[in-house]
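Just the heavy atoms: all of them, side chains too, but no hydrogens, waters or symmetry mates, feed the values below.
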Amino acid sequence: MNPPPANRKRILRTVLTVVGTVIAVLLLRGFGFTTYSIPSGGMENTLFEGDRILVNKWSYGLRMPFMAQWGYHRWCSSRASRQDVVVFNNPAAPGQPVIERREVYISRCVGAPGDTLLIDSLYTVVSPEARFLPEREHLYAYPALREESVRALLRALSIPDDGLKGKDDSVHVRSFSRYEYYLLEQTCGEHVFMRPLQEEERGESKPLIVPRKGSVLRVYPWNVTLLCNTLVLHEGKRAEVKNDTLYVEGRPTQHCYFTKDYYWMASDTGFNLSDSRLFGFVPHDHLIGRATLVWFSKRPGTGLTEGYRPERFIRKVR
């Protein structure tokens with residue numbers, strides 16, 4: 001028995017509404033905004049593990065999907081700005097030739113095309129004034145047997161417990177700002193049992209120019225490997241380093257030419273190395289968009305009714 005005409009119309013409207021909603025969501029996700037979950041604490045105190053963020057795909061021009069079929073195309077292309085929190089594909093994954101299928105990273109842009117950065121021997125950007133900011137976090141080690149004492153101190157001083165940054169059988173490592181460590185030091189007095197981790201000798205700072213489209217950069221001993229990797233991974237060149245000399249297409253050279261805009265990305269926490277110190281320059285064609293909003297946040301590993309961070313809901317990313 002066939003349903004009455006009125007019922008058929010209602011069913012048809014319902015089906016069309018559902019199909020239209022699905023199509024609208026897919027179009028919005030593919031051509032407007034998308035969401036990602038923050039998997040680690042590498043961007044604290046800007047983003048926390050468990051944050052869900054909204055990413056604007058039009059921030060640097062819309063990168064067209066289906067790159068495997070159509071190649072790379074971007075509408076209304078524009079450059080990322082310094083201090084943007086950027087979502088991008090892993091630039092050091094040659095095993096996956098389709099860029100959009102590579103692992104996704106998030107970092108802060110600290111170097112735009114054409115910028116000159118001051119770096120140390122570990123490729124960390126040197127900011128002489130930043131190292132003295134009270135918000136800057138440093139690593140501190142203490143005996144593993146004192147873990148309960150540390151947790152009690154954090155509770156007593158209302159210092160957020162961000163978890164361990166490293167450990168072995170005898171030593172635990174946590175990060176604290178200068179002010180937080182000052183509070184711990186004042187409380188413990190002469191019996192303070194934490195010690196700053198000694199940073200490696202980083203040597204003299206060197207200038208590093210971030211390549212921009214059409215630029216020619218001079219090759220130096222401190223940037224030769226970085227430039228060589230960039231030419232191989234992103235410029236399609238055959239390059240190698242022999243005895244600190246760069247060879248491009250079999251010829252020694254002291255200058256490199258670049259056909260793309262590049263960026264230098266850095267994590268907000270210095271001990272997280274999932275940034276340009278690990279994978280080098282990030283090409284413009286790897287950019288997905290700018291993180292604009294934390295729309296939801298929940299501590300990982302918590303139950304259905306706990307761990308929510310409502311103070312982070314609908315929070316602008318800065």
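The hydrophobic cluster containing Met67 does not contain Met64, counting ILVMFWY residues as joined when their side-chain heavy atoms lie under 4.5 angstrom apart, directly or transitively. By the rule that hydrophobic residues join a cluster once side-chain heavy atoms approach within less than 4.5 Å of another member, Leu287 and Val87 end up as members of separate clusters. Both Val248 and Val224 belong to a common hydrophobic cluster when Ile, Leu, Val, Met, Phe, Trp and Tyr are linked at side-chain heavy-atom distances under 4.5 angstrom. Under a hydrophobic-cluster definition in which Ile, Leu, Val, Met, Phe, Trp and Tyr are linked whenever side-chain heavy atoms come within less than 4.5 Å, directly or via other members, Leu154 and Leu157 are assigned to the same cluster. Linking ILVMFWY residues whenever their side-chain heavy atoms come closer than 4.5 Å, directly or via other members, leaves Leu278 and Trp264 in distinct clusters.
The nearest pair of heavy atoms linking Gln254 to Arg218 is O-CD, 3.3 Å. Closest heavy-atom contact between Glu100 and Pro65: OE1-CA, 3.6 Å. Smallest separation of non-hydrogen atoms from Asn89 and Arg102: ND2-O, 3.1 Å. Across all non-hydrogen atoms, the minimal contact from Val219 to Leu246 is CG2-CD2, 3.8 Å. Of all the heavy atoms in Met194 and Val150, the pair that sits closest is CE-CG2, 3.6 Å. What you find for Ser274 and Ser267 is that their closest heavy atoms are O-OG, 3.9 Å.
Here Arg174 pairs with Glu147 in a salt bridge; the nearest charged N to carboxylate O distance falls below 4.0 Å. At a threshold of 4.0 Å, the pair Asp285-Arg74 does not count as salt-bridged, since none of the basic side-chain nitrogens sits closer than that to a carboxylate oxygen. Here Asp51 pairs with Arg309 in a salt bridge; the nearest charged N to carboxylate O distance falls below 4.0 Å. Contact check on Lys242 versus Glu240 returns a salt bridge, with a Lys/Arg side-chain nitrogen under 4.0 Å from an Asp/Glu carboxylate oxygen.
Remark: Ile53 CD1 to Arg312 CZ distance equals 11.0 Å, nearest 0.5 Å. With rounding to the nearest 0.5 angstrom, the OG atom of Ser276 is 9.5 Å from the CG atom of Leu117. Expressed to the nearest 0.5 Å, how far OG1 of Thr292 lies from CG of Asn56 amounts to 6.0 Å. The distance from atom OG of Ser215 to atom CD1 of Ile209, rounded to the nearest 0.5 Å, is 8.0 Å. Remark: Gln186 CD to Leu184 CG distance equals 10.5 Å, nearest 0.5 Å. Here the OG1 atom belonging to Thr116 is positioned 15.0 Å from the NZ atom belonging to Lys206, to the nearest 0.5 angstrom.
Here the side chains of Thr187 and Val192 are not in contact, with every heavy-atom distance at 4.5 Å or above. Side-chain contact between Met265 and Val86 is present, with heavy atoms from C-beta onward closer than 4.5 Å. Residues Ser170 and Leu145 fail the side-chain proximity criterion, which asks for heavy atoms closer than 4.5 Å. The shortest distance between side-chain heavy atoms of Thr302 and Arg299 falls below 4.5 Å. Side-chain contact between Arg290 and Tyr60 is present, with heavy atoms from C-beta onward closer than 4.5 Å. Between Lys213 and Phe258, the closest side-chain pair of non-hydrogen atoms is not below 4.5 Å. Residues Ser77 and His284 form a side-chain contact, since some pair of their non-hydrogen atoms from C-beta on lies under 4.5 Å apart. In this structure, Phe281 and Leu208 have side chains that are in contact, with non-hydrogen atoms separated by less than 4.5 Å.
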query = How far apart are the C-alpha atoms of Asp115 and Tyr263, what are their side-chain angles, what is the distance that settles it, and do they pass the side chain to side chain donor-acceptor pair (under 3.5 Å) test?
reply = CA-CA 9 Å; Asp115 285 352; Tyr263 302 87; over 6 Å; no

message = Between Tyr308 and Phe296, does the side-chain contact (heavy atoms from CB on, under 4.5 Å) criterion hold? Intermediate values first, please.
response = CA-CA 8 Å; Tyr308 296 96; Phe296 179 80; 3.6 Å; yes

query = So Val98 and Tyr72, side-chain contact (heavy atoms from CB on, under 4.5 Å) or not? Walk me through it.
reply = CA-CA 9 Å; Val98 182; Tyr72 170 70; over 6 Å; no

key: side-chain contact (heavy atoms from CB on, under 4.5 Å) assessment of Val294 paired with Arg52   = CA-CA 6 Å; Val294 177; Arg52 270 72 163 180; 6.0 Å; no

message = Determine whether Arg101 and Ile99 satisfy the following criterion, side-chain contact (heavy atoms from CB on, under 4.5 Å), listing intermediate values before the conclusion.
response = CA-CA 5 Å; Arg101 295 179 182 173; Ile99 296 172; over 6 Å; no

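Under a cut-off of 6.0 angstrom, the local environment of CD1 in Ile314 is crowded, with over 12 non-hydrogen atoms contributed by other residues, nucleotides or ligands. Within a 6.0 Å sphere centred on OH of Tyr182, heavy atoms belonging to other residues, nucleotides or ligands number 12 at most.
For the pair Lys260 (side chain) and Pro211 (backbone), a donor-acceptor distance under 3.5 Å is absent. No donor-acceptor pair closer than 3.5 Å links the side chain of Arg212 to the backbone N or O of Val210. Using a distance-only test at 3.5 Å, with no hydrogens or angles considered, no donor-acceptor pair links the side chain of Gln96 to the main chain of Ala93.
Residues Trp295 and Phe313 place their aromatic rings such that the two centres sit no closer than 6.0 Å. Between Phe279 and Phe88, the gap from one ring centroid to the other is short of 6.0 Å. Taking the centre of each ring, Tyr181 and Tyr140 come in below the 6.0 Å mark.
Geometrically, Arg277 does not engage Tyr123 in a cation-pi contact defined by less than 6.0 Å to the ring centre and at most 45° from the axis.
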Can you give the donor-acceptor pairs under 3.5 Å from side chains of residues 104-113 to other protein atoms, not counting sequence neighbours?
unit_1 : atom_1 : unit_2 : atom_2 : d
Arg108 : NE     : Asp268 : OD1    : 2.9
Arg108 : NH1    : Gln83  : O      : 2.8
Arg108 : NH2    : Thr46  : OG1    : 3.0
Arg108 : NH2    : Asp268 : OD2    : 3.0
Arg108 : NH2    : Arg318 : O      : 3.1

Show the atom names and distances, to 0.1 Å, of all donor-acceptor pairs under 3.5 Å that link a side chain in residues 225-239 to residues at least two apart or in another chain.
unit_1 : atom_1 : unit_2 : atom_2 : d
Asn229 : ND2    : Thr225 : O      : 3.4
Thr230 : OG1    : Leu226 : O      : 2.8
His234 : NE2    : Pro91  : O      : 3.2
Glu235 : OE1    : Thr259 : N      : 3.2
Glu235 : OE1    : Thr259 : OG1    : 2.6
Glu235 : OE2    : Thr259 : N      : 3.2
Glu235 : OE2    : Tyr262 : OH     : 2.6

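Aromatic ring pairs are classed by plane angle as parallel below 30°, tilted from 30° to 60° and perpendicular above 60°; the pair Tyr142 and His172 is perpendicular. Relative orientation of the Phe66 and Trp70 rings is perpendicular, given thresholds of 30° and 60° on the angle between their planes.
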